[in-house]
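In what follows, residues are counted from 1 in the order of the sequence shown.
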Amino acid sequence: MAKGKAKGQKGKKITLKIAKNSIRISFDGGRRLDLSKMGITTFPNCILKLADVDELDLSRNMLKKIPSSIEKFQKLRWLDLHSNQLEELPKAIGTLQNLFYLNICNNKLTTKNLPEELNLLSNLRILNLGLNCLDSIPTSLGALKELNEIGLFDNALTTIPNSVKKLPKLKKLNAKRNPFPDTTEQEEHADSVKRTEMLYLVQDKDLCSSCLKMCQDERDKLNKLKNVTRSPSKKPSFPLLLTPNSTAKDNQEEWRLRGKHP
């Protein structure tokens, strides 16, 4: 009985051979280690021998912790940890100075367990903190002067600090479904940033059925609005971005290239 219980708690073991066979070459020439959707419960230390990769995808697993040894991935430009069970991040993540994309959406992160060292990621362009347990955003994130896009949707935020709203290069901000005091304040958070596109960072299949239905309903509403004849004097505005959907997959390579040619 004890043996069966232990087996139930054990995730898939990733060997160095499996990891090597999971390396892909993106069309821009980068080396991506793709270990997504593999049932991993513990960070596989064997991948430290592959720390020269440009991209690391550990999304859609069951990881609860990322070790400080993540600092060995000094060439890393793309780190995807979304849809795990992370409750904290190591301070060492701040040493990844080449990182331009960080997705930690859909975890169990709290404001208290967000390391202050995140503000050291001086080249970060895209940051997704959506679908976590954040009740506030550290003002220190205002140090991310290169940030173009940030996802803060589906948290417990009541405000967004000016240091973040007024980041000089910020173009996209998704803060939907947070308990802001009133709709006016929520609109102000959104309108403080000009948007020309939507922010998509999660595929449909990675959302639970209720979240997916909510997103699809929102998308349907937007499509109906788009079909309404627009007045030439005043165009409708959509101050908040939709929760990410399946176009994320199509946009990932574009983001990689954008990071290489800012």
Side-chain angles (χ1 to χ4, degrees), residues 14 16-38 40 43-44 46-61 63 66 69-84 89 92-106 118 120-130 144-151 167-174 193-206 241-242 244-262:
I14 301 298
L16 184 58
K17 181 179 179 180
I18 291 175
K20 285 181 176 179
N21 289 335
S22 298
I23 292 179
R24 306 286 182 265
I25 304 298
S26 55
F27 66 78
D28 62 350
R31 298 174 71 241
R32 172 162 49 98
L33 176 53
D34 187 354
L35 296 175
S36 62
K37 298 183 291 186
M38 297 189 76
I40 304 171
F43 186 89
C46 66
I47 69 174
L48 296 176
K49 295 181 180 180
L50 303 173
D52 60 341
V53 294
D54 303 289
E55 305 173 10
L56 176 59
D57 189 348
L58 287 167
S59 66
R60 291 164 283 184
N61 283 296
L63 294 169
I66 299 298
S69 54
I70 191 72
E71 66 185 2
K72 293 186 180 297
F73 289 82
Q74 284 299 304
K75 289 183 61 179
L76 213 59
R77 296 173 59 81
W78 176 286
L79 178 57
D80 196 339
L81 300 172
H82 87 262
S83 302
N84 277 283
L89 292 174
I93 201 166
T95 67
L96 304 179
Q97 291 297 298
N98 288 313
L99 208 63
F100 82 87
Y101 172 95
L102 176 60
N103 190 351
I104 44 181
C105 165
N106 195 21
L118 277 179
L120 299 177
L121 299 175
S122 57
N123 288 306
L124 200 64
R125 269 101 168 148
I126 301 169
L127 174 62
N128 191 352
L129 294 167
L144 302 177
K145 303 301 184 184
E146 297 298 317
L147 203 64
N148 300 146
E149 309 173 11
I150 185 167
L167 281 167
K169 296 186 179 181
L170 192 62
K171 296 179 181 178
K172 304 176 186 178
L173 187 154
N174 182 346
V193 180
K194 291 183 178 179
R195 300 171 184 79
T196 57
E197 304 173 37
M198 296 180 191
L199 178 58
Y200 299 105
L201 295 176
V202 178
Q203 299 181 48
D204 283 352
K205 62 185 178 181
D206 299 322
L241 303 169
L242 292 181
N245 67 11
S246 59
T247 57
K249 185 176 181 180
D250 298 329
N251 289 340
Q252 284 185 352
E253 295 296 347
E254 176 188 340
W255 285 338
R256 290 192 186 95
L257 287 178
R258 191 188 307 168
K260 285 182 176 292
H261 306 288

Straight-line distance of [X] [atom1] to [Y] [atom2], nearest 0.5 Å:
X	Y	atom1	atom2	result
Leu102	Leu121	CG	CG	7.0 Å
Lys171	Glu149	NZ	CD	8.5 Å
Leu33	Lys20	CG	NZ	12.0 Å
Asp54	Ile23	CG	CD1	10.0 Å
Lys72	Leu50	NZ	CG	13.5 Å
Glu55	Phe73	CD	CZ	13.0 Å

Between [X] and [Y] (side chain of the first, backbone of the second, donor and acceptor by atom type, cut-off under 3.5 Å), is there such a pair?
X	Y	result
Asn61	Leu35	yes
Asp57	Arg32	no
Asn21	Ala19	no

Non-hydrogen side-chain atoms of [X] and [Y] separated by less than 4.5 Å:
X	Y	result
Ile93	Leu79	yes
Asn103	Trp78	no
Asn123	Leu99	no
Glu146	Leu124	no
Leu167	Ile150	no
Ile14	Met38	yes
Leu96	Gln74	yes
Ile70	Leu56	yes

[X] and [Y]: which non-hydrogen atoms are nearest, and at how many Å?
X	Y	value
Ser83	Asn106	OG-ND2, 3.0 Å
Asn148	Leu170	O-CD1, 3.5 Å
Phe43	Ser69	CE2-OG, 4.4 Å

Run the numbers on Tyr101 and Leu127 for side chain to side chain contact (heavy atoms under 4.5 Å, CB included), then give the verdict.
CA-CA 6 Å; Tyr101 172 95; Leu127 174 62; over 6 Å; no
For a side chain to side chain contact (heavy atoms under 4.5 Å, CB included) check, start with the C-alpha distance between Gln97 and Leu120, then their side-chain angles and the critical distance, and finish with the verdict.
CA-CA 7 Å; Gln97 291 297 298; Leu120 299 177; 4.0 Å; yes
Using side chain to side chain contact (heavy atoms under 4.5 Å, CB included), reason through Asn98 and Leu76 one step at a time and then give a plain yes or no.
CA-CA 6 Å; Asn98 288 313; Leu76 213 59; over 6 Å; no
Residues in side chain to side chain contact (heavy atoms under 4.5 Å, CB included) contact with Asp52, at least two apart in sequence or another chain
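Asp52 satisfies side chain to side chain contact (heavy atoms under 4.5 Å, CB included) with Arg31, Lys75 once adjacent residues are dropped.
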Non-neighbouring partners of Lys49 that pass side chain to side chain contact (heavy atoms under 4.5 Å, CB included), sequence neighbours left out:
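Only Leu16 meet the side chain to side chain contact (heavy atoms under 4.5 Å, CB included) criterion with Lys49.
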Pair Ser59-Ser36, side chain to side chain contact (heavy atoms under 4.5 Å, CB included): steps then yes or no:
CA-CA 5 Å; Ser59 66; Ser36 62; 3.5 Å; yes
